[in-house]
Amino acid sequence: MRQQSNEINNLMKEIKNIRRITDDEWIKTLSERKIKELEFHDQDRDKAKIKDLNDYELHQRYGNKKYYNVTKRSNDYLDNWIKNESQGNVILDYACGNGENAIRASKYGAKLSLGFDISSVSVENAKKNASKEKLKNIEFFQADAEKTKLPDNSIDRIICCGMLHHLDLSYAFPEIRRILKPGGKLLAYEALDYNPAIKLYRMLTPEMRTDWEKEHILSLKDINFAKNFFIIGEIRYWHVIGYLAGKFPLFQKPLEYIDILLEKIPQLQKLSWIFTFELVKSENE
């Protein structure tokens, strides 16, 4: 018990050191690519700025939100993973956005739930959301996902939801392996870059994404690259055609049933909109 307490205290000391970095010092550490990501996500999550957008601007930036209404099954899988893996563990919501998954982990009994993001607006939103829930075992801070400054072997489980395609994986994967404890796991929830209809939609809606993001939607090549750093755990495929319910909501249930069948067919799995996969750090490291 004392060892666990010391572990948490040491981790919190490192997080305090990260927080001491001033805004000017922080900006100097970031490449031009990362500054563009920071600026995009600061604007994307600033509620005051969103309120000032007209209908056309809202559609240009957030017109894809209706498609996320059809992702209940994959979100339930994500939620169950967090529930099953949180109890008594140090959980990290890696590039946490507004902190929803870190808050879930905290409620599900994490020993300590952490979240960081490159966007200070996101971090402040996450802090406010956690405060509303009156959670005590949760901390948020601003950090670079490719160089977190967290201690080696300090994290039991990582949740990475829709963020790996914003990163240079040649830096992100080694960093994730460094901070995970031996036997630690990451669950990634990512878009998949094979379905031609979805690829066309992304091309027609450039305002919704950064330039880096557009070019780095994940494929199975990235899973093969991850094998250099991790053991690959369970891979699941989601929503081969179910996203059509974003346009035709009355067909959501039938499309879900069809998806359940299509997702089991190897030749069609790659056409899924979303896939989830686990990365596991070897026990021997």
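Keep in mind that what you see is a predicted model, and the values were worked out from it rather than measured.
Atom NZ of Lys107 is surrounded by 12 or fewer heavy atoms from other residues, nucleotides or ligands within 6.0 Å. Residue Tyr201 places its OH atom among more than 12 non-hydrogen atoms of other residues, nucleotides or ligands, all under 6.0 Å distant. By the neighbour-count criterion of 12 heavy atoms within 6.0 Å, atom NZ of Lys253 is sparsely surrounded, having that number or fewer from other residues, nucleotides or ligands. The environment of Tyr77 atom OH is dense: over 12 non-hydrogen atoms of other residues, nucleotides or ligands sit within 6.0 angstrom. More than 12 heavy atoms of other shown residues, nucleotides or ligands fall within 6.0 angstrom of atom NZ in Lys66. Applying the 6.0 Å contact sphere to NZ of Lys149 captures no more than 12 heavy atoms from other residues, nucleotides or ligands.
Side chains of Glu7 and Lys181 form a contact here, defined as non-hydrogen atoms less than 4.5 Å apart. When side chains are defined from C-beta on, Leu150 counts as touching Leu92, because their heavy atoms get closer than 4.5 Å. A 4.5 Å side-chain heavy-atom check between Leu180 and Phe230 finds at least one atom pair inside the cut-off. Taking 4.5 Å as the limit, every side-chain heavy atom of Glu14 sits out of range of all side-chain heavy atoms of Thr148. When side chains are defined from C-beta on, Glu278 counts as touching Leu187, because their heavy atoms get closer than 4.5 Å. At a threshold of 4.5 Å between non-hydrogen side-chain atoms, the residues Leu112 and Met12 count as touching. In this structure the side chain of Ile155 reaches within 4.5 angstrom of the side chain of Leu114, judged on heavy atoms. Two residues are said to be in side-chain contact when any heavy atoms from C-beta on lie closer than 4.5 Å; Ser120 and Asp42 meet this criterion.
In this structure, Tyr108 has its ring center no closer than 6.0 Å to that of Trp81.
With hydrogens and angles ignored, the 3.5 Å screen pairs no side-chain donor or acceptor of Asn98 with any backbone N or O of Arg45. Side chain of Asp93 to backbone of Ala102: a donor-acceptor contact under 3.5 angstrom is found. For Ser119 (side chain) and Ser122 (main-chain N/O), a donor-acceptor pair under 3.5 Å exists by modelled atom type. Side-chain N or O atoms of Glu37 include none that pairs as donor or acceptor with a backbone N or O of Thr210 at under 3.5 Å. Side-chain atoms of Ser86 never come within 3.5 Å of backbone atoms of Lys83 as a donor-acceptor pair (strictly under, hydrogens ignored). With hydrogens and angles disregarded, no donor-acceptor distance shorter than 3.5 Å links the side chain of Asp156 to the backbone of Ile91.
Here the shortest heavy-atom pairing between Tyr194 and Ser219 reads OH-CB, 3.3 Å. When all heavy atoms of Asp117 and Gly97 are compared, the pair lying nearest together is OD2-N, 2.8 Å. Taking each heavy atom of Arg104 and Asn75 in turn, the nearest pair found is NH1-O, 3.9 Å. Minimum heavy-atom separation, Gln252 to Val70: NE2-CA, 3.8 Å. Of all the heavy atoms in Asn228 and Arg177, the pair that sits closest is O-NH1, 3.8 Å. Summarising the geometry of Pro151 relative to Leu11, their closest heavy-atom pair is CD-CD1, 3.6 Å, with the distance given to 0.1 Å.
Within the structure, the ring-ring contact (aromatic ring centres under 6.0 Å, His included) test picks out the following pairs touching residues 118-148 (sequence neighbours left out): Phe116-Phe141. Pairs of residues two or more places apart, or lying in two chains, that qualify as ring-ring contact (aromatic ring centres under 6.0 Å, His included) and include a residue from residues 11-41 are His41-His166. Annotation: salt bridge (charged side-chain N to carboxylate O under 4.0 Å, His left out) contacts involving residues 18-30, sequence neighbours excluded, comprise Arg19-Glu139.
In this model, a donor atom of one side chain and an acceptor atom of the other lie less than 3.5 Å apart for Asn137 and Ser106. Counting only N and O atoms by type, the side chains of Asn153 and Lys281 include a donor and acceptor under 3.5 Å apart.
Using cut-offs of 30° and 60° for the angle between ring planes, the Trp212 and His216 rings count as parallel.
If you chain together ILVMFWY residues whose side-chain heavy atoms come under 4.5 Å of each other, Val280 ends up grouped with Ile231. Chaining together hydrophobic side chains whose heavy atoms lie under 4.5 Å apart places Leu200 alongside Leu204.
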Please report, to 0.1 Å, the donor-acceptor pairs under 3.5 Å made by any side chain of residues 235-250, with sequence neighbours excluded.
residue, atom, partner, partner atom, Å
Trp238, NE1, Thr276, OG1, 3.1
His239, NE2, Ser74, OG, 2.8
Tyr243, OH, Asn195, ND2, 3.4

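Ile158 and Tyr171 are assigned to two separate hydrophobic clusters, defined by single-linkage of ILVMFWY side chains at heavy-atom distances under 4.5 Å. In the hydrophobic cluster analysis, where Ile, Leu, Val, Met, Phe, Trp and Tyr join through side-chain heavy atoms closer than 4.5 angstrom, Leu192 is grouped together with Phe173. A single hydrophobic cluster is not seen to contain both Val121 and Met163; linkage of ILVMFWY side chains at heavy-atom distances under 4.5 Å, directly or through other members, places them apart.
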### Task
With side-chain contact (heavy atoms from CB on, under 4.5 Å) as the test, would you mind laying out the steps for Leu78 and Asn101 before giving the verdict?
CA-CA 9 Å; Leu78 172 66; Asn101 290 325; 3.9 Å; yes
### Task
I would like to know whether Asp222 and Glu190 meet side-chain contact (heavy atoms from CB on, under 4.5 Å); could you show each step before the answer?
CA-CA 11 Å; Asp222 296 301; Glu190 287 286 335; over 6 Å; no
### CA sep, side-chain torsions, deciding dist, call: Phe275, Leu218, side-chain contact (heavy atoms from CB on, under 4.5 Å)
CA-CA 9 Å; Phe275 74 138; Leu218 265 62; 4.0 Å; yes
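Ion pair Arg73/Glu256 not flagged as a salt bridge, since none of the NZ, NE, NH1 or NH2 atoms sits closer than 4.0 Å to an Asp/Glu carboxylate oxygen. Note on Glu175 versus Arg178: salt bridge recorded, some NZ/NE/NH1/NH2 to OD/OE distance being below 4.0 Å.
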